[in-house]
Amino acid sequence: MSDFDQRLSELAGAAAGAARLRPAEALRRQGQSRVVRRRAIGGAFLAVLAVAGVVALLTRGENPVPPRLEPATTPSVTQSTEASPTPAPTSGPASDPTASPTQQTGTLSCPLDQLEITISDNGRQEGANGHVSTALLLRNKGSRPCTMTGYPKVVARGIEARQTPSGFMGGLRSGQPQVITLAPGQAASALFEALTANPDGSTCQPYATLRVTPPGQQDSTTIAWGLAGCAEPQIHPVVPGDSGRA
Amino acid sequence: MADVDDFDTFYAGTSRRLVGQVFAMVGSLSEAEDAVQEAFCRAWPRWPRLRAYADPEAWIRTVAYRVAVSSWRKAANRLLAHRRAEAEGARDAVPAAGPDHLVLHAALKRLPLEQRRVIVLHHLVGLSVQEIATEIGVAPGTVKSRMARGRRALAEDLGEGDHHV
């Protein structure tokens with residue numbers, strides 16, 4: 001079986017490598033122009049189109065939403081400069097529900113030696129399609145509050161993870177990264193994700209460790225990472241809660 | 001702009017792998033290329049909604065497969081593909097290197113499409129029976145029987161060494 005899997009994987013990998021693909025921009029333009037065209041035709045033909053659309057859906061099998069996909073839970077985090085942001089409704093042990101992160105000015109940002117950085121089990125997810133993620137948990141182990149905002153810097157096997165608001169596995173789905181104030185003992189999290197194979201389908205060695213620099217800091221620490229991710233690392237912003245998702 | 005970056009990153013990260021998977025399912029590289037790109041075209045206008053789902057890659061794969069096997073589209077594109085094949089020589093046959101790959105490719109192509117699809121989803125994509133059932137919209141029992149028949153046919157085709165496939 002593994003021999004068959006191996007050969008099948010090589011065959012597919014060869015096709016993947018030989019594929020000639022247009023740039024993403026061209027596909028976006030083509031997809032968009034169809035929508036525009038469809039809207040332009042609109043008006044009196046709308047009803048006709050609706051019927052035709054249903055027929056097309058049935059006959060061509062274009063199903064916009066295959067049934068297996070379920071909406072990701074996206075806890076809403078209010079983005080406001082005055083009100084305190086709502087913590088993501090996670091039940092993990094990391095976040096103290098009573099101590100909601102508040103936005104303050106005048107509090108010092110969290111230095112590395114005031115933080116305990118670990119992997120949160122709550123953010124762990126291994127997709128069937130070669131995407132894995134874990135949340136990095138940043139806990140204030142000091143005795144006074146500190147703040148952080150934006151992206152940790154994460155280096156995996158010499159490669160700096162791309163800093164993106166959200167990726168395949170989640171992250172900050174909307175709005176800007178907030179300023180998060182951590183009371184002593186409180187934690188926030190940032191989602192780290194990677195692929196479990198090279199983009200061309202070939203295999204790669206999982207990252208054993210991640211080197212993490214807290215947002216806005218210079219010093220870094222290295223933590224062990226147990227998942228199969230080995231390519232295209234991405235890090236998303238620090239968000240309230242322990243799942244790295246908001 | 002976040003959507004654009006997000007989409008482009010997703011495309012860059014998944015499109016080749018998806019072409020490989022769809023190629024294994026339909027047996028033709030140019031059809032797989034076309035179908036996957038078509039699926040990405042269709043994904044873009046609904047991207048904000050799609051990216052909120054757990055697995056846009058499965059969505060693309062499903063749409064691309066349907067596009068590739070749609071007879072309506074095949075008829076429309078046959079001419080185009082033909083012209084291109086002529087222009088590019090026999091590139092499309094099998095992009096793989098060894099004779100081993102040729103044999104496997106030929107054996108896969110002899111399987112009925114639906115058997116090939118579940119074999120690829122299981123052995124290449126790595127989905128469980130339950131996941132395959134959800135992705136293609138049939139009962140798990142159907143997936144199992146297609147897989148069993150497909151494996152049996154492949155084992156016979158690929159010779160003794162692969163009886164345990």
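So you know, we letter chains A, B, ... as the sequences are listed, proteins then strands, and number each from 1. Fair warning: this is a prediction, and the values are worked out from it, not measured in the lab.
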Which pair of non-hydrogen atoms, one from [X] and one from [Y], has the smallest distance, and what is that distance?
{"X": "B:G20", "Y": "A:A15", "answer": "CA-CB, 4.3 Å"}
{"X": "A:S166", "Y": "B:D6", "answer": "O-OD1, 3.3 Å"}
{"X": "B:Y11", "Y": "A:P23", "answer": "CE2-C, 4.1 Å"}
{"X": "A:E10", "Y": "B:H101", "answer": "OE1-NE2, 3.0 Å"}
{"X": "B:W44", "Y": "A:Q32", "answer": "NE1-OE1, 3.2 Å"}

Tell me, for A:L195 versus chain B, whether the close heavy atoms (under 4.5 Å) come from the side chain, the backbone, both or neither.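 When you check distances to chain B, only side chain atoms of A:L195 fall under 4.5 Å.
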
A:T164 versus chain B, the contacting section by heavy-atom distance below 4.5 Å: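 Neither part; nothing is under 4.5 Å.
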
With chain B as the partner chain, list the residues of residues 229-239 of chain A whose heavy atoms fall under 4.5 Å from it, by residue number, and write 'none' if nothing qualifies.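 A:E232, A:Q234 fall under the 4.5 Å cut-off.
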
Run the side chain to side chain contact (heavy atoms under 4.5 Å, CB included) check on B:L124 and A:F4 step by step: do they pass? CA-CA 10 Å; B:L124 179 65; A:F4 174 77; over 6 Å; no

Partners passing salt bridge (charged side-chain N to carboxylate O under 4.0 Å, His left out) against B:R149 (at least two apart in sequence or in another chain):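 Partners of B:R149 under the salt bridge (charged side-chain N to carboxylate O under 4.0 Å, His left out) test: none.
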
Quick one: pull up [atom1] in [X] and [atom2] in [Y] and give me the separation to the nearest 0.5 Å.
{"X": "B:R16", "Y": "A:N198", "atom1": "CZ", "atom2": "CG", "result": "12.5 Å"}
{"X": "B:H105", "Y": "A:R7", "atom1": "NE2", "atom2": "CZ", "result": "13.5 Å"}
{"X": "A:D5", "Y": "B:H123", "atom1": "CG", "atom2": "NE2", "result": "5.5 Å"}

Non-hydrogen side-chain atoms of [X] and [Y] separated by less than 4.5 Å:
{"X": "A:L11", "Y": "B:L108", "result": "yes"}
{"X": "A:H131", "Y": "B:E57", "result": "yes"}
{"X": "B:E38", "Y": "A:L27", "result": "no"}
{"X": "B:V4", "Y": "A:E25", "result": "no"}

Select one option (side chain, backbone, both, neither) describing which atoms of [X] are under 4.5 Å from chain A's heavy atoms.
{"X": "B:I136", "answer": "neither"}
{"X": "B:A39", "answer": "neither"}
{"X": "B:S128", "answer": "neither"}

Results of ring-ring contact (aromatic ring centres under 6.0 Å, His included) for B:F10 - residues two or more places apart only: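 B:F10: ring-ring contact (aromatic ring centres under 6.0 Å, His included) contacts with A:F168, B:F40, B:W47.
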
Without hydrogens or angle criteria, can the side chains of B:T9 and A:R162 be said to hold a donor-acceptor pair below 3.5 Å?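 Note: B:T9 and A:R162 side chains meet the donor-acceptor criterion.
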
Do the side chain of A:Q30 and the main chain of B:C41 share a donor and acceptor less than 3.5 angstrom apart?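 Checked: no pair found.
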
Enumerate the salt bridge (charged side-chain N to carboxylate O under 4.0 Å, His left out) contacts for residues 101-126 of chain B, please, sequence neighbours excluded, ordered by first and then second residue.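 Listed once each, the pairs are B:R110-B:D157, B:E114-B:R146.
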
Looking at A:R211, I'd like to know if its CZ atom is crowded, meaning that more than 12 non-hydrogen atoms belonging to other residues, nucleotides or ligands lie closer than 6.0 Å.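 No - once you tally the heavy atoms of other residues, nucleotides and ligands closer than 6.0 Å, there are 12 at most.
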
B:Q37, B:R17, B:Q21: which one forms the most heavy-atom pairs within less than 4.5 Å of chain A?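 Looking at each option in turn, the highest pair count goes to B:Q37.
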
